[in-house]
Structures are given as structure tokens and as C-alpha cells.
Amino acid sequence: MNGAHWWTGPLVRTVGAALVAAGPVMVWRGRNGRKEIRTELAAQKITFPDHGLPDHLVPLTGRQVETGPQAHAYAELIKDHLVQATGGRTYAEITEELHATGNDDEKLSALRQTAFMGETLRGSLLSAYQAWHLTTLVTGLGALLTGLGTALVATADALGVDGSGGGSPRRMG
């Protein structure tokens, strides 16, 4: 290694060591995040109905929502039910209709409440689904950083750098 780049080896080793330290933390945080999502979803005690599910959801009949993909499936089920209940109108559209009647239509008022509750639950389930994907990303990146860090430390070792900054390669043998 020439003197102009005496810092390359120690820098590679330092970056590698930092990645080796950060990677497992990310894996741990991703796994804990996934566990927390499961715990929170289970605490809601949302269960797929025993009948009336679309064909693609039949395998989930009677199962409790505990994972991100299950939360997404249930959110889509709510969406289908909301479309049927509201005629495809959103909470905002129903609210506008209600205001146009002078807030005096009990049927529209009840429909607005249904739309509000359905859209709120659906949004919460979709947030759990997105968080599930983020935990996958964080865990995967953590594993990748750990591997990359290990490779960088091994590269610095292979270059024979002692990390002292003295400009001389470590003597082999």
C-alpha cells in the first residue's frame, strides 16, 4: 500500500466494523417490530368470518388476523363491505350529502358512521400491513449490512493493514 493512501485500510476496517455493529441492531429491531405488530393485531381479536368470504379468502375462514398479509386481506374485505353498504361512496361524499340535507337525514347519518368506522379500521389494518413490510426491509438491510461489514473487515485484513495509521502494511507470517 503506498503512503498516499495509508488511510484506506483503516477506513475500510472502520466502516466494516461500524456495519458489523449496526447490522445486527437492525435485524433485532426488525424482528422486534414484527413481534410487536403480531401482538397488537392479536390483541384486536379480529377474526375472519366463518362464511361469506370471497374464494381467495376462504383459507382464512375463522382465523384471527395476526400478520401483515392477513391485515391486508381483512382490509380488502372491509373495502368490499363498505362499497356494498355505501354504494361505493366514501365518508367524505356521504358527509357532503348529509350536509346538503341540513344534517337532518338519519339514514345518511347512520351510513356516514358506518363509512367512518369502516374506513378507520381499514386504514389501521393497512398501516399494520405497511409496517409489516418495513420490518422485512429493516431485517433484510440489517443482514445485508452485517455481511457487507464482514466483507470489508476481511478485505482490510487481506490487505494486511494493521489499522494503526502508520502507513506500513502488517507483516504476514
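All values below were derived from every heavy atom in this structure, side-chain atoms included, with hydrogens, water molecules and symmetry-related copies excluded. Worth saying up front: this structure is predicted, and the values here are computed from it rather than measured.
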J.: Using only atom types and a distance under 3.5 Å, with no angle test, would you say the side chain of T101 pairs donor to acceptor with the backbone of L98?
T.: yes
J.: Going by ring pair (Phe, Tyr, Trp, His ring centres under 6.0 Å), name the pairs with one or both residues in residues 81-111, residues two or more places apart or in two chains.
T.: Y91-F116
J.: Where do A21 and V25 come nearest, in terms of heavy atoms and distance?
T.: O-CG2, 3.5 Å
J.: Are L145 and P24 packed together at the side-chain level, in the sense that at least one heavy-atom pair is separated by less than 4.5 angstrom?
T.: no
J.: Evaluate the criterion side-chain contact (heavy atoms from CB on, under 4.5 Å) for residue pair H72 and L125; output intermediate values, then yes/no.
T.: CA-CA 6 Å; H72 183 262; L125 289 168; over 6 Å; no
J.: Once you measure the plane-to-plane angle for Y74 and F48, does it fall in the parallel (<30°), tilted (30-60°) or perpendicular (>60°) bin?
T.: perpendicular
J.: Consider only side-chain heavy atoms of I, L, V, M, F, W and Y, link residues closer than 4.5 Å, and tell whether Y129 and L121 are in one cluster.
T.: no
J.: Check whether any side-chain N or O of E66 sits under 3.5 Å from a backbone N or O of L41 as a donor-acceptor pair, and report yes or no.
T.: no
J.: Just verifying a value: how many Å separate D105 CG and R112 CZ, rounded to the nearest 0.5 Å?
T.: 11.0 Å
J.: Apply salt bridge (Lys or Arg N to Asp or Glu O under 4.0 Å) to E93 and list each qualifying residue two or more places apart in sequence or on a separate chain.
T.: none
J.: Honestly curious: do L144 and V138 fall in one hydrophobic cluster under the side-chain, below-4.5 Å linking rule?
T.: yes
J.: Please say yes or no: joined through hydrophobic side-chain contacts below 4.5 Å, possibly via intermediate residues, are I37 and V27 part of one cluster?
T.: no
J.: Run the numbers on E76 and R122 for salt bridge (Lys or Arg N to Asp or Glu O under 4.0 Å), then give the verdict.
T.: CA-CA 8 Å; E76 292 304 303; R122 185 169 186 274; 2.9 Å; yes
J.: Distance from R63 atom CZ to T47 atom OG1, nearest 0.5 Å?
T.: 11.0 Å
J.: Indicate the atoms forming the closest heavy-atom contact of G149 with V20, along with that distance.
T.: C-CG2, 3.4 Å
J.: Measuring from T135:OG1 to R31:CZ, what's the distance to the nearest 0.5 Å?
T.: 10.5 Å
J.: As an exercise, state the distance from CG of L148 to CG of L19, rounded to the nearest 0.5 Å.
T.: 5.5 Å
J.: Just how far is it from atom CZ of R29 to atom CE of M26, taken to the nearest 0.5 Å?
T.: 11.0 Å
J.: Does Q70 reach the main-chain N or O of T67 with its side chain, forming a donor-acceptor pair under 3.5 Å?
T.: yes
J.: Test salt bridge (Lys or Arg N to Asp or Glu O under 4.0 Å) on R89 and E97; report intermediate values, then the result.
T.: CA-CA 10 Å; R89 295 172 293 179; E97 287 178 45; 2.7 Å; yes
J.: Find out if a path of hydrophobic residues (ILVMFWY) with successive side-chain heavy-atom gaps under 4.5 Å connects V65 to L53.
T.: yes
J.: Please report the interatomic distance CG(L111) to CD1(I94), rounded to the nearest 0.5 Å.
T.: 4.0 Å
J.: Between L82 and L57, is there a shared hydrophobic cluster once you connect ILVMFWY residues whose side-chain heavy atoms come closer than 4.5 Å?
T.: yes
J.: Just wondering, do S109 and D104 contact through their side chains at under 4.5 Å, heavy atoms?
T.: no
J.: Whether the R34 and T136 side chains hold a donor-acceptor pair (N or O, under 3.5 Å, no angle test) is what I'd like checked.
T.: yes
J.: Identify the heavy atoms of A156 and G9 that sit nearest to each other, and give their distance.
T.: CB-O, 3.8 Å
